[in-house]
2 protein chains.
Amino acid sequence: MSNLETYPRPSVAVDLAIMTVVDGALKALLVERPEDNVPGWAMPGGFVYLDQSLDQTVARVLAEKVGQPQVRFEQLATYGAVDRDPRGRVISVVYMALCPAAALAGMPLSTIRVAWEGVAGGVAEAVQNGASLPLAFDHAEILGDVVKRLRGKLDYSRIGFAFLPQRFTLREVQEVHEAILGRSLNKPPFRRKLLDRGMIIPTGEFETGGAYRPAELYTLKPEE
Amino acid sequence: MSNLETYPRPSVAVDLAIMTVVDGALKALLVERPEDNVPGWAMPGGFVYLDQSLDQTVARVLAEKVGQPQVRFEQLATYGAVDRDPRGRVISVVYMALCPAAALAGMPLSTIRVAWEGVAGGVAEAVQNGASLPLAFDHAEILGDVVKRLRGKLDYSRIGFAFLPQRFTLREVQEVHEAILGRSLNKPPFRRKLLDRGMIIPTGEFETGGAYRPAELYTLKPEE
DNA sequence: TTAGGTAATTACTAATATGGATATTACAGA
DNA sequence: TCTGTAATATCCATATTAGTAATTACCTAA
């Protein structure tokens, strides 16, 4: 706890696992790295400045790189292997940012949004148009941890609703859960559990435009 | 992702929430801070060196300050408010180290082991001989988060067994759970759930020295 | 207008898990 | 040998859950 001034310090970065569910699949927003000696696709990130907290850094990165400062986020974990970045010692505090697919639609990104698939073995893999893309740094491992965390928190927290718009149908909730868990669920028990939990309230309105019987729209009950 | 060399960096520290259960109470090992402008009691910690990973730093701090490098630990979260340390910008990666009370018995610490109590309101409070002691930095908030995490993981992970010696009785397991949850549990259902889970195996041996009927000793089944 | 198709919603039943009380067993010490 | 205490086993009522089947509602197209 001494030498606070002269201590040789690692760099500290914030990396964002910006997750969404599109067409029943869990996906991560990745950016292609600039031309340096670390090729591949990576989560967007930025360094922590001396006068900004971690949360402020996350908001800054969201605004700078994604143009979406409003997304809700929560901390996942911190990764600090000595050689995880070949350019120098970087400790990354990783946050998950969860948002509905629509929120990323008009994204002013020059980089490409890349689907992520493949939970098998706990290792993530970036995929674009069916072709496998390499992930930079330890980001494959990190995305594997993201999925583990999402699965673990799915049925006791309101984390799943972060992927949905303000008003949603029960089917949409189930689609999100199935995408995260990677398996199909039975409809009646799922609906019952969801409604019994008391986290959502019916709006009395119904979806429109569908070809068949419209489902009722629900909203998330505000937190106490 | 530029200026890896010249970037003005925060300090990075590892702080340890060394938790144990003694006499049915959850306690944290705290050290009294040296005389500087941050008074109070704090979790032991140390800075992250350029050539050591986070895990290696934890092992180093455990060896240096506690003399117990063998304790199992896991990451809790990272705290990075700008003003959390008045001496300068410090980002703390906090780890939980869970150990049986016996492991801390012969501890070569010049500092004092302090009981921690008071989950009420989610704010921790250091207590010694019934007198309240102030916690330094944001360590009260962090210890509150530790308890939340322990409670959350208690019944789907093997985290509770980290507080017990290799061979233990079912009653000891229940005591640990009650200490962490802060409430008493019914014995028969607790035993059933524990045994049905298949995480522990009976040794066929029994405790000795007790005044009454001896309980069977169990061990934790090794992880697959 | 009306029949057909599909998905939303409800109703029902069997299986399982849970909580809690009660009884039985085993040991130490008087 | 008796007594006290805690470990262990037994039991039952209740709550929860999974799954199947039936019903309802809307859109489409003839």
Side-chain angles (χ1 to χ4, degrees), chain A residues 21 23-24 151-157 160-161 164-221, chain B residues 21 23-24 151-157 160-161 164-221:
Chain A
V21 173
D23 301 330
R151 288 182 177 173
K153 291 191 73 172
L154 192 57
D155 66 333
Y156 73 89
S157 76
F161 299 103
L164 294 168
Q166 263 210 326
R167 308 197 310 166
F168 48 82
T169 65
L170 299 183
R171 170 180 38 78
E172 290 174 316
V173 181
Q174 186 168 351
E175 278 173 6
V176 165
H177 280 238
E178 289 177 342
I180 293 173
L181 296 174
R183 61 191 177 86
S184 62
L185 302 168
N186 275 325
K187 202 197 282 195
F190 182 81
R191 294 168 52 87
R192 242 174 313 163
K193 253 168 67 178
L194 205 55
L195 294 170
D196 289 353
R197 188 150 300 159
M199 282 198 298
I200 61 177
I201 44 183
T203 63
E205 296 179 70
F206 294 81
E207 64 177 347
T208 57
Y212 309 110
R213 174 174 174 175
E216 184 163 11
L217 293 168
Y218 290 79
T219 52
L220 191 55
K221 182 188 280 185
Chain B
V21 172
D23 301 331
R151 289 181 177 173
K153 291 191 72 170
L154 192 56
D155 65 335
Y156 73 89
S157 75
F161 300 102
L164 294 168
Q166 263 211 325
R167 307 198 309 166
F168 49 82
T169 65
L170 299 183
R171 169 181 37 76
E172 290 174 317
V173 181
Q174 184 167 354
E175 278 173 6
V176 165
H177 280 237
E178 289 177 340
I180 292 173
L181 295 175
R183 61 191 177 86
S184 62
L185 302 167
N186 276 323
K187 201 197 284 195
F190 182 82
R191 293 168 53 88
R192 236 180 315 162
K193 255 169 63 177
L194 205 55
L195 294 171
D196 289 352
R197 188 148 299 157
M199 283 199 297
I200 60 176
I201 44 183
T203 64
E205 296 181 70
F206 295 81
E207 64 178 346
T208 57
Y212 309 110
R213 173 174 175 174
E216 184 162 11
L217 293 169
Y218 290 79
T219 52
L220 190 55
K221 181 187 284 186

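All figures in this text were calculated on a predicted structure; none of them were measured in a lab.
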At less than 4.0 Å, is any side-chain N or O atom of [X] found next to OP1 or OP2 of [N]? Yes or no.
X: B:R191; N: D:dA7; answer: no
X: A:N186; N: D:dA18; answer: no
X: B:K187; N: D:dT8; answer: no
X: B:K193; N: C:dT18; answer: no

Mind calculating the distance between [atom1] ([X]) and [atom2] ([N]) to the nearest angstrom?
X: A:F190; N: D:dT16; atom1: CZ; atom2: P; result: 19 Å
X: B:F206; N: C:dA28; atom1: CZ; atom2: C1'; result: 16 Å
X: A:E207; N: C:dT9; atom1: CD; atom2: C1'; result: 13 Å
X: B:Q174; N: D:dA7; atom1: CD; atom2: C1'; result: 12 Å
X: A:E216; N: C:dT10; atom1: CD; atom2: C1'; result: 14 Å
X: B:F168; N: D:dA7; atom1: CZ; atom2: C1'; result: 16 Å
X: B:L195; N: D:dA7; atom1: CG; atom2: P; result: 14 Å
X: B:D196; N: C:dA17; atom1: CG; atom2: P; result: 8 Å

I want to verify a distance call: between [options], whose nearest atom is closest to the [X] side chain?
X: B:Y212; options: D:dT5, C:dT10, C:dA7; answer: D:dT5
X: A:R192; options: C:dT9, D:dA9, C:dC12; answer: C:dC12
X: B:L170; options: D:dC26, C:dG19, D:dT8; answer: D:dT8

message: side chain to side chain contact (heavy atoms under 4.5 Å, CB included) for A:V176 and A:F168? Distances and angles first, verdict last.
response: CA-CA 11 Å; A:V176 165; A:F168 48 82; over 6 Å; no
- prompt: Given side chains that start at C-beta, do those of A:L164 and A:L220 come closer than 4.5 Å, heavy atoms only?
  reply: no
message: Should the side chain of B:R213 and the base of D:dA7 be counted as holding a donor-acceptor pair, with the cut-off at 3.5 Å?
response: yes
query: What pairs meet the side chain to side chain donor-acceptor pair (under 3.5 Å) rule with one or both residues in residues 174-202 of chain A, with sequence neighbours excluded?
result: A:Q174-A:E178
message: Could you walk me through whether B:Y218 and B:L195 satisfy the side chain to side chain contact (heavy atoms under 4.5 Å, CB included) test, starting with their C-alpha distance in whole Å, then the side-chain angles of each, then the deciding distance to 0.1 Å, before giving a yes or no?
response: CA-CA 10 Å; B:Y218 290 79; B:L195 294 171; 3.7 Å; yes
message: Determine whether A:T169 and A:L217 satisfy the following criterion, side chain to side chain contact (heavy atoms under 4.5 Å, CB included), listing intermediate values before the conclusion.
response: CA-CA 5 Å; A:T169 65; A:L217 293 168; 3.9 Å; yes
message: Reading DNA chain D from 5' onward, which residue's closest nucleotide shows up sooner: A:P189 or A:P214?
response: A:P189
